[in-house]
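Here the structure comes first, spelled out in structure tokens, and everything after it is commentary.
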Amino acid sequence: MPVAPSFRKNGFTFRQFFVAHDQCGMKVSTDGIILGASTPLPDDGRVLDIGSGSGLISLMLAQRIAAQGIRPQIDAVEIEPSAVTQSRQNIAESPWPEAICVHHADILTWEPQITQPYAVIVSNPPFFSPGVSCRSSTRQTARYTTTLTHLALLQSAQQHITPQGIFCVILPASEGQAFIKLAQHEGWRLRTRVHICEYADRQPHRILAFLSLQNGGCTEQQLIIRDPSAEYSAGYRQLTGDFYLSARSQPSSA
């Protein structure tokens with residue numbers, strides 16, 4: 001049954017599910033929610049979520065896929081033991097406990113039980129180069145490219161994607177541009193780039209990128225999170241409206 005729309009500690013309550021995240025390095029954030037709400041849906045319901053953390057993006061995709069009358073079949077790969085345990089609990093308490101399988105594994109060595117590639121792969125990847133240590137090892141793994149470099153991530157996605165498949169990531173603007181350049185060097189084609197701005201008069205602080213191994217044109221888009229009155233914009237509310245209990249229940253950016 002869906003989680004009742006009430007406040008719970010150490011997590012975030014959505015319309016149809018609850019995400020506990022106190023044991024995860026990456027908390028529920030605007031980044032993850034934009035990615036979960038924007039990722040194209042596969043016709044067969046199969047998705048690979050790399051570095052799945054709390055299970056947020058997998059749960060959002062399960063909700064969206066199920067709403068299309070398709071059975072979600074999501075493989076979520078996560079290396080941190082505490083995040084694996086917590087995400088499995090989040091999924092077990094959701095309306096789709098059989099739709100998402102959390103694999104405690106390193107994506108660099110993980111082998112799916114079904115060898116069929118995925119039409120959609122999604123990742124909210126680590127984005128900082130190794131530097132000052134975080135306050136916890138789980139947050140270090142979630143935010144820094146020490147255990148999963150962007151090159152390794154791109155190569156792993158390439159191993160598991162269909163020829164026409166879409167690989168979706170969200171990154172800070174500067175890291176996102178570098179990621180796209182690296183992806184293109186590795187044979188990927190940029191199909192959609194969304195410049196995400198906090199306000200219309202500010203520079204983009206995030207880039208949402210859809211990549212494919214198939215040739216094709218690139219669409220440039222923009223998403224403004226807040227209007228001039230500091231309320232969430234109509235575009236952002238339209239994108240995320242199926243998930244939030246109210247416009248004021250939304251989390252802060254990562």
If we only count heavy atoms from C-beta on, is the Q222 to C197 side-chain gap below 4.5 Å?
yes
For E80, is there any backbone N or O sitting under 3.5 Å from a side-chain donor or acceptor partner on E78?
yes
Going from NZ on K181 to CG on L190, what distance comes out if it is rounded to the nearest 0.5 angstrom?
14.5 Å
So R189 and L213, do their side chains get closer than 4.5 Å, heavy atoms only?
no
Can you check whether P81's main-chain N or O pairs, donor with acceptor, with T85's side chain at less than 3.5 Å?
yes
Please report the interatomic distance OG(S87) to CG(L56), rounded to the nearest 0.5 Å.
11.0 Å
For F179, the ring pair (Phe, Tyr, Trp, His ring centres under 6.0 Å) test, sequence neighbours excluded, returns H150
Applying side chain to side chain contact (heavy atoms under 4.5 Å, CB included), can you list everything that pairs with R88, at least two apart in sequence or on another chain?
V84, V102, H104
Check: I196 main-chain N/O paired with H205 side-chain donor or acceptor under 3.5 Å
yes
Keeping to residues at least two apart or across chains, list the ring pair (Phe, Tyr, Trp, His ring centres under 6.0 Å) pairs with something in residues 57-92.
none
For the pair Q214 (side chain) and I166 (backbone), establish whether a donor and an acceptor sit closer than 3.5 Å, ignoring hydrogens and angles.
no
Parallel, tilted or perpendicular: which fits the ring planes of H160 and Y118, with parallel below 30° and perpendicular above 60°?
perpendicular
Contacts of type side-chain hydrogen bond (donor to acceptor under 3.5 Å, both in side chains), residue R202, not counting sequence neighbours:
none
For E220, check side-chain hydrogen bond (donor to acceptor under 3.5 Å, both in side chains) against everything at least two apart and list the hits.
R193, H195
How far does CZ of F12 sit from OG of S54, to the nearest 0.5 angstrom?
11.5 Å
Any pair with a residue in residues 55-77 that passes salt bridge (Lys or Arg N to Asp or Glu O under 4.0 Å), sequence neighbours left out, goes on the list, sorted by first then second residue, please.
none
Does W188 reach the side chain of I161, with side-chain heavy atoms less than 4.5 Å apart?
yes
Does any pair with a residue in residues 149-169 pass salt bridge (Lys or Arg N to Asp or Glu O under 4.0 Å), and if so which ones, sequence neighbours excluded?
none
Check step by step if side chain to side chain contact (heavy atoms under 4.5 Å, CB included) holds for L171 and I207.
CA-CA 5 Å; L171 286 161; I207 287 178; 5.7 Å; no
Ignoring hydrogens and angles, tell me if any N or O in the side chain of R15 forms a donor-acceptor pair with the backbone of G241 under 3.5 Å.
yes
Describe, in one word, how the ring planes of Y236 and Y244 are oriented to each other, choosing from parallel (under 30°), tilted (30 to 60°) and perpendicular (over 60°).
tilted
Give me the one residue out of I170, I74, L61 that meets side chain to side chain contact (heavy atoms under 4.5 Å, CB included) with V122.
L61
Heavy-atom closest contact (A152 atom, T149 atom, distance)
N-OG1, 3.1 Å
Q23 and N10: side chain donor to acceptor below 3.5 Å
no
What heavy-atom pair brings A76 and I100 nearest, and what distance separates the two atoms?
CB-CG2, 4.3 Å
Are L239 and Y199 grouped together when hydrophobic residues (ILVMFWY) are joined by side-chain heavy atoms under 4.5 angstrom apart?
no
Closest heavy-atom contact between P163 and S212?
O-OG, 4.2 Å
Compile the donor-acceptor pairs under 3.5 Å between side chains in residues 36-44 and protein atoms, sequence neighbours left out, one pair per line.
unit_1, atom_1, unit_2, atom_2, d
S38, OG, I34, O, 2.7
T39, OG1, L35, O, 2.8
D44, OD1, R46, N, 3.1

Across all chains, not counting sequence neighbours, the side chain to side chain contact (heavy atoms under 4.5 Å, CB included) partners of Q89 are E93
Kindly indicate, with the supporting measurements, whether the criterion side chain to side chain contact (heavy atoms under 4.5 Å, CB included) is fulfilled by V77 and I50.
CA-CA 5 Å; V77 180; I50 300 177; 5.6 Å; no
State whether the side chain of N90 and the backbone N or O of A20 hold a donor-acceptor pair below 3.5 Å, judged by distance alone.
yes
Passes side-chain hydrogen bond (donor to acceptor under 3.5 Å, both in side chains), D22 versus Q86? Steps please.
CA-CA 9 Å; D22 56 301; Q86 188 154 65; 2.8 Å; yes
What's the separation between atom CG in L153 and atom OG in S123, rounded to the nearest 0.5 Å?
4.5 Å
Can you check whether T13 reaches L245 side chain to side chain, under 4.5 Å on heavy atoms?
yes
More than 12 foreign heavy atoms under 6.0 Å from CD of Q164: is that the case here?
yes
Could you grab the distance from atom CD of Q177 to atom CG of L182, nearest 0.5 Å is fine?
13.0 Å
Derivation of the side chain to side chain contact (heavy atoms under 4.5 Å, CB included) call for V120 and L48
CA-CA 7 Å; V120 173; L48 174 60; over 6 Å; no
Tell me, do M60 and S58 make a side-chain contact under 4.5 Å, heavy atoms counted?
no
Does atom CD (Q159) have a neighbourhood of more than 12 heavy atoms from anything else shown, all under 6.0 Å?
yes
With no hydrogens and no angle check, is any side-chain donor or acceptor of T162 less than 3.5 Å from a backbone partner on G165?
yes
With hydrophobic residues grouped by side-chain heavy-atom distances under 4.5 Å, do Y232 and I224 end up in a single group?
no
How close do A183 and L211 get, counting heavy atoms only, and between which atoms?
CB-CD1, 3.9 Å
Does D227 have any side-chain hydrogen bond (donor to acceptor under 3.5 Å, both in side chains) partners at least two apart in sequence or in another chain, and if so, which?
S229
If we only count heavy atoms from C-beta on, is the F14 to I33 side-chain gap below 4.5 Å?
yes
Would the distance check show the side chain of R191 and the main-chain N or O of G217 forming a donor-acceptor pair, the cut-off being under 3.5 Å?
yes
Taking side-chain hydrogen bond (donor to acceptor under 3.5 Å, both in side chains) as the test, write out the residues that go with Q238, two or more places apart.
none
Are the side chains of L108 and S156 in touch, meaning some heavy atoms are under 4.5 Å apart?
yes
How long is the gap from CD1 on I180 to CD on E175, to the nearest 0.5 Å?
12.0 Å
Any residue meeting ring pair (Phe, Tyr, Trp, His ring centres under 6.0 Å) with W96, in chain and number order, not counting sequence neighbours
F17
I would like to know whether C218 and T192 meet side chain to side chain contact (heavy atoms under 4.5 Å, CB included); could you show each step before the answer?
CA-CA 5 Å; C218 176; T192 302; 5.9 Å; no
